[in-house]
Amino acid sequence: MKINKIIVAAALLGCTSMPALADYPERPIELTIPAGAGGGTDTSARKLALLLEEKLGTSIAVLNVGGGGGSVGASQFMQAKPDGYALFATWNSPLTTVPQVQNVAYTLDSFTPIASTSETAYTLCVHPEFPAETGEEFLAELAANPDKYTYGNDGIGGTMQLAAERIFQARDIKAVAIPFGGAGETLQNFLGKHVDIYGGSISPVLPYVESKEAKCLVVTSAADVPALPQAAGLESLGLGDKETLLWRAILGPKGLDQAIVDKLAAVIDEAVNDPSYVEFLASKGEVPNVVKGEALGERLKAEFDALAVVSKNLGLAK
């Protein structure tokens with residue numbers, strides 16, 4: 001008799017849980033972005049949120065929490081309830097780079113990976129008179145002249161610096177890193193010839209490549225980038241395993257139910273590959289890239305471990 005009651009109770013529990021997932025979401029979702037309004041991650045996440053609202057049938061409220069290279073927003077978000085109504089739209093740096101050089105309250109295990117959304121390479125560009133026309137010639141020039149050249153980047157221990165140093169360390173190159181507040185500030189100092197090399201995202205420098213005020217010779221992706229035909233992808237330089245990209249993702253709090261993760265990942269996949277979003281990404285020099293669930297967790301771990309080695313070699317590890 002007791003066994004029958006247990007079976008009935010279990011069946012009822014299963015019946016009550018299934019409609020909960022079928023009805024999810026039943027109320028608005030809050031999307032935390034660990035950066036100020038108007039930046040690349042913010043604009044990408046807001047555009048994606050509009051598509052997700054249509055596909056999920058609910059509203060999405062955006063909350064910007066900037067500071068600490070994204071660590072302030074990440075630390076705040078990790079306290080959220082794992083009920084599917086709190087999501088985190090971030091770029092990779094707060095998770096894989098910032099913890100290398102700052103003491104933060106979170107680890108990769110503080111979050112539930114749902115899906116990545118887009119990615120783009122960084123690039124290294126020089127002035128027209130620089131004595132190199134190819135990626136191989138560029139690296140050879142730097143290797144032959146230790147500490148002669150300066151390269152702008154997005155801050156000490158930032159993803160751009162670590163991306164460049166993964167390449168430089170592999171070729172025994174020593175260049176002088178000059179930190180700035182972001183790609184825009186780096187670009188202005190490069191154009192003003194205060195630094196020899198621009199290190200940053202692709203979209204800000206594209207107009208100056210077209211006007212012949214800059215030539216980009218290396219991208220930090222394994223593959224070549226069509227928008228920069230003169231730039232060598234790392235695979236062609238024998239450095240394909242040193243790839244470092246700027247990429248974005250949606251995560252949940254630790255403990256988020258797998259059924260909700262799977263539903264959100266599927267909807268995000270649809271939204272990212274919506275023609276309007278693909279076109280939007282292309283205008284920013286980005287491409288769709290959806291990696292889901294456990295595979296996304298593995299990507300985060302692999303990048304974290306690789307950048308930990310680079311940080312330690314630079315003496316930046318905390």
Side-chain angles (χ1 to χ4, degrees), residues 119-154 158-180 182-247 281-287 289 303 306-307 309-310 313-314:
E119 65 183 23
T120 184
Y122 293 101
T123 186
L124 295 168
C125 310
V126 294
H127 300 290
E129 64 272 16
F130 190 90
E133 297 299 324
T134 67
E136 194 60 62
E137 290 174 358
F138 168 71
L139 296 182
E141 174 67 17
L142 266 60
N145 296 279
D147 292 328
K148 175 181 177 180
Y149 294 106
T150 56
Y151 73 97
N153 59 81
D154 58 0
T159 306
M160 179 60 236
Q161 183 187 11
L162 298 188
E165 290 296 339
R166 287 184 78 182
I167 299 168
F168 294 166
Q169 289 176 13
R171 289 293 189 92
D172 197 25
I173 289 170
K174 296 187 184 303
V176 180
I178 306 296
F180 296 106
E185 189 176 328
T186 301
L187 179 62
Q188 292 307 310
N189 280 275
F190 169 74
L191 294 173
K193 298 195 173 181
H194 302 300
V195 291
D196 301 305
I197 302 165
Y198 166 83
S201 49
I202 292 172
S203 56
V205 78
L206 272 178
Y208 302 96
V209 174
E210 294 169 359
S211 65
K212 309 296 184 183
E213 295 174 75
K215 54 185 180 183
C216 298
L217 301 181
V218 171
V219 288
T220 64
S221 57
D224 296 345
V225 173
L228 297 173
Q230 193 173 358
L234 297 182
E235 193 71 49
S236 68
L237 298 171
L239 299 170
D241 62 335
K242 306 303 179 186
E243 177 181 73
T244 306
L245 301 173
L246 166 64
W247 51 278
L281 291 176
S283 71
K284 294 162 56 67
E286 299 185 26
V287 295
N289 181 264
E303 182 169 292
L307 295 182
V309 174
V310 180
N313 290 342
L314 288 172

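We number each residue from 1, following the sequence as shown. Fair warning: this is a prediction, and the values are worked out from it, not measured in the lab.
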Output field: ring centroids F168/Y151 closer than 6.0 Å: yes
Check: Y198 ring centre within less than 6.0 Å of Y208 ring centre: no
Trace of the side chain to side chain contact (heavy atoms under 4.5 Å, CB included) decision for F138 with L124: CA-CA 10 Å; F138 168 71; L124 295 168; 4.0 Å; yes
Any idea which heavy atoms bring [X] and [Y] closest together, and the distance?
{"X": "G240", "Y": "A222", "result": "O-CB, 4.0 Å"}
{"X": "A170", "Y": "L239", "result": "CB-CD2, 3.7 Å"}
{"X": "P207", "Y": "P204", "result": "CD-O, 3.5 Å"}
{"X": "H127", "Y": "D196", "result": "CD2-O, 3.6 Å"}
{"X": "L217", "Y": "Q230", "result": "CD2-NE2, 3.6 Å"}

Any donor-acceptor N/O pair, E137 side chain to E133 backbone, under 3.5 Å: yes
Donor-acceptor contact below 3.5 Å, side chain T220 vs main chain T244: yes
Residue pair S236, D224: steps toward the side chain to side chain contact (heavy atoms under 4.5 Å, CB included) verdict: CA-CA 8 Å; S236 68; D224 296 345; 4.3 Å; yes
Test item: side-chain donor near acceptor, S211 and E213, under 3.5 Å: yes
Spacing of [X] atom [atom1] and [Y] atom [atom2] [to the nearest 0.5 Å]:
{"X": "R166", "Y": "N313", "atom1": "CZ", "atom2": "CG", "result": "11.5 Å"}
{"X": "E235", "Y": "S221", "atom1": "CD", "atom2": "OG", "result": "10.5 Å"}
{"X": "L245", "Y": "S201", "atom1": "CG", "atom2": "OG", "result": "12.5 Å"}

E136 vs R171, salt bridge (Lys or Arg N to Asp or Glu O under 4.0 Å): CA-CA, chis, key distance, verdict: CA-CA 11 Å; E136 194 60 62; R171 289 293 189 92; 2.8 Å; yes
Any L246 side-chain heavy atom under 4.5 Å of T159 side chain: no
Salt-bridge contact E129-K215 (side-chain N to carboxylate O under 4.0 Å): no
Side chain to side chain contact (heavy atoms under 4.5 Å, CB included) assessment of V218 paired with L234: CA-CA 7 Å; V218 171; L234 297 182; 4.1 Å; yes
E185/N189 under side-chain hydrogen bond (donor to acceptor under 3.5 Å, both in side chains): CA gap, chis, key distance, verdict: CA-CA 6 Å; E185 189 176 328; N189 280 275; 4.7 Å; no
V287/E119 under side chain to side chain contact (heavy atoms under 4.5 Å, CB included): CA gap, chis, key distance, verdict: CA-CA 6 Å; V287 295; E119 65 183 23; 4.0 Å; yes
